Amino acid sequence: MEDILFLVGKENIKQKISITSIMMWLLVIFVIFVSLYVYIFQKKNYIYFQKIADNFKNISFILPAKRGNILDANNKYLVKSIESWNLYINLDKATDEEKEIFLNLAKAKKIFYRGNYAFISNLSLDEISSVMIKITNEKNKYKYLELIPSFSRENYLGEAAGSMIGYLGFDENAEDDIFVGKAGLELTYDNYLKGKEGKIVYQHLPNGDKGDKIEEIEPVDGYDIKTTIISDFQKKAYELMKNYFEENNYKRGALIALNPKTGAVYALISYPSYNPDWFLNNIQQATKILSDPNHPLFNRAIAGLYSPGSTIKPIVAIGALSENVITPEKKIYAGGELKIPNPYIPGTYSIFRDNKVHGWTDMKKAIAESVNIYFYILGGGFGDQPGLGIEKLIKWWKIFQLDQLSGIDILGEKPGFLPTPENKKELHPIDPIWRLGDTYNVSIGQGDLLVTPLRITLWTSALATNKLVKPFLVQEIKDKHNNIIFQRKTEYIWENLLNDKYLKIVQEGMRQTVTNGTAKYLNDLPFPVAGKSGTPEILGKKKLNAIFTGYAPYPDPEIVMTLLIEDVPLGSVATLPLYKQIITEYFKITHPEFFKM
């Protein structure tokens, strides 16, 4: 009995010791945690309050770094940093005369505020020369004005390249007066372009005045970036586009042109556009841009999502050939409409219409004349002719990466949207069942299928070369000593994936689009063009967009170009006169020999 009691007591003692040990360890961990928290909190507060103390002790002005230049493919300036000046004023202590000087220079400029200082930027030497003389010769009289050397941006193409270049603005998260890229290449390559700012530090005298200079740190220049853009072509394309849009009262559109073999972008335009200089130099114009209902800041070329219309048909064609759904020679009768019996209401039909009676149609003719009946059947089947079906259509959309980002080196790109039986349930809960008519619609680029103009350009490029290329805008980055920091290499998503024999059929159909199809308007050019038109219906068939995508010279192209115009009265024909002008300008710039008599 005593042995038993002894054993039970022993276990109780063990348990008490164990609980006590755990409590001790928890207490130790708690003390360590609290100590670390207090240390970190104190350190952060020390840094914070030290900065405040330094601000009371010193007066600092940022010396902006020279932002890197942006060059075109031929080393012409697209954007250049030029010497300028920032004028600061001490709002608390400035005299009336100093305030008058500041406000006179601030007319049509944006005023920036930092603490008890205000400043204006991008002042030219002509603008501040008289002020500079006053401040230099009468330092005591104008001691609350401070001129700081800086750099401003000169955009050589203005609004012709606004959507691509982007604009500058303040970094809201920074404590210092630092301009950063806010859109386009200025934002995408900001870390390379911006350099590292310096500063001038003065004593802060007890009366609040500025004392002796105690420190000056020189800024470090940013890197130059060389793009693939052909500036003469970009500028002329925009001028032609703007004139054509204004003449025809078109409001919105996009154009993108690139090298189908390398992915180098030659021109990128979103219309309407803006001049990047306005955001720093012209507050009235900047405000107007921000309130424009056509959204000039929105880059339609890479982020606008549109139904591709008939431009999708070459993908449907190569998919059908590759899946052995049809032979290129087989003819389908296109009688102007396709009548599908309604399985729920006997004697009634769903009607799928074409623009006219095309008669017996093989694949090349179907592409050239954009025969809807042929592609309805190729996509969904009819009678004894099978179709691809929605699953294989999705397969081929994904081969051409319609639902993926291209990886172009400019921020803001949007992926396409692929309609499926699954997501129809979410998009259309009132009619959630995927029907044959849905397959017919997406087979001609209608329905819920959405892509960007850039993606249309890339699949046209792939159909021209049998290579799906990754597009890019910047080919090289150099420091101020001309050392190469970065050099682009061409990248392919896939190569030679398509059957050459089948691809040749599709290419010949796209060539016939120009020789005797929907784009005969382009057939008299001094270089051969192949392509595909599209007229997607929008807003419940109440409006039309117009698209033409093509490449030249056929069959060995050096340029692929897509033009999209929103809300047109006559469909794809609206693009052809402008497309002709723009692609002609490209070859005049790059191959003037084509135009010699």
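Being a predicted model, the structure only gives us computed values, none of them experimental.
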If only side-chain N and O atoms count, and only distance matters, is there a donor-acceptor pair under 3.5 Å linking [Y] with [X]?
X	Y	answer
Lys414	Thr452	no
Thr490	Lys470	no
Thr311	Thr549	no

Which pair of heavy atoms, one from [X] and one from [Y], lies closest together, and at what distance?
X	Y	result
Phe112	Ser121	CE1-OG, 3.8 Å
Phe417	Asp448	CD2-O, 3.2 Å
Phe594	Phe587	CE1-CD2, 3.4 Å
Gly263	Val469	N-CG2, 3.5 Å
Ser81	Phe151	CB-CB, 4.4 Å
Ser150	Pro64	OG-CG, 3.3 Å

Is the shortest side-chain N to carboxylate O distance from [X] to [Y] below 4.0 Å?
X	Y	value
Asp524	Lys580	yes
Glu491	Lys489	no
Lys76	Asp232	yes
Glu508	Lys504	yes
Asp171	Lys194	no
Asp567	Lys543	yes
Arg153	Glu186	yes
Asp409	Arg488	yes
Asp556	Lys261	yes

Examine distances only and state if a side-chain atom of [X] and a backbone atom of [Y] form a donor-acceptor pair shorter than 3.5 Å.
X	Y	result
Asp479	Asn483	yes
Ser307	Pro536	no
Gln234	Ala160	yes
Gln507	Leu463	yes
Asp190	Gly181	yes
Ser84	Ser124	no
Asp224	Gly68	no
Asn423	Thr420	yes
Thr575	Ala546	no
Ser291	Thr287	yes

Problem set entry | Check against side-chain contact (heavy atoms from CB on, under 4.5 Å), Asn372 and Ser310 | CA-CA 8 Å; Asn372 283 347; Ser310 295; 4.2 Å; yes

Problem set entry | Derivation and outcome, salt bridge (charged side-chain N to carboxylate O under 4.0 Å, His left out), residues Glu197 and Lys199 | CA-CA 7 Å; Glu197 71 276 3; Lys199 66 178 179 178; over 6 Å; no

Exercise. Do Asp72 and Lys235 pass the salt bridge (charged side-chain N to carboxylate O under 4.0 Å, His left out) test, and can you show the C-alpha distance, the side-chain angles, and the key distance before you say yes or no?
Worked result: CA-CA 12 Å; Asp72 84 340; Lys235 181 180 180 182; over 6 Å; no

Please report the interatomic distance [atom1]([X]) to [atom2]([Y]), rounded to the nearest 0.5 Å.
X	Y	atom1	atom2	value
Leu458	Ile256	CG	CD1	7.0 Å
Trp397	Arg455	CH2	CZ	14.5 Å
Leu418	Lys398	CG	NZ	6.5 Å
Thr457	Met561	OG1	CE	9.5 Å
Asn69	Tyr77	CG	OH	5.0 Å
Trp85	Ile148	CH2	CD1	8.5 Å

Problem set entry | side chain to side chain donor-acceptor pair (under 3.5 Å) between Ser406 and Glu413, worked out | CA-CA 8 Å; Ser406 72; Glu413 183 189 7; 2.9 Å; yes

Test item: [X] and [Y] side chains (from C-beta on) under 4.5 Å apart, heavy atoms:
X	Y	result
Tyr113	Ile111	yes
Leu497	Ile399	yes
Lys242	Glu247	no

For this session: Evaluate side chain to side chain donor-acceptor pair (under 3.5 Å) for Asn466 paired with Asp500, printing each intermediate quantity in order.
Result: CA-CA 8 Å; Asn466 206 354; Asp500 286 333; 3.2 Å; yes

Should we say atom [atom1] of [X] is surrounded by more than 12 heavy atoms from elsewhere, each under 6.0 Å from it?
X	atom1	result
Tyr586	OH	yes
Glu83	CD	no
Tyr554	OH	yes

Exercise. If you look only at pairs with a residue in residues 278-306, which of them pass as a salt bridge (charged side-chain N to carboxylate O under 4.0 Å, His left out), with sequence neighbours excluded?
Worked result: Arg300-Glu566

Sub-6.0 Å ring centroid separation between [X] and [Y]:
X	Y	result
Phe279	Tyr274	yes
Tyr266	Phe233	no
Trp494	Phe400	yes
Tyr117	Phe61	yes

For this session: Find out whether the Lys NZ or Arg CZ of Lys467 is both under 6.0 angstrom from the six-membered ring centre of Tyr492 and within 45° of the ring's axis.
Result: yes

For this session: Applying side-chain contact (heavy atoms from CB on, under 4.5 Å), run through Ile408 and Phe472 and close with a yes or a no.
Result: CA-CA 5 Å; Ile408 190 171; Phe472 62 95; 5.7 Å; no

For this session: Please work out whether the ring planes of Phe170 and Phe179 are parallel, tilted or perpendicular, with thresholds of 30° and 60°.
Result: parallel

For this session: With side-chain contact (heavy atoms from CB on, under 4.5 Å) as the test, would you mind laying out the steps for Tyr167 and Asn155 before giving the verdict?
Result: CA-CA 10 Å; Tyr167 63 96; Asn155 281 271; over 6 Å; no

For this session: Please assess Ile484 against Glu476 for the test side-chain contact (heavy atoms from CB on, under 4.5 Å), listing each intermediate value before the final yes or no.
Result: CA-CA 7 Å; Ile484 295 175; Glu476 195 173 76; 3.7 Å; yes

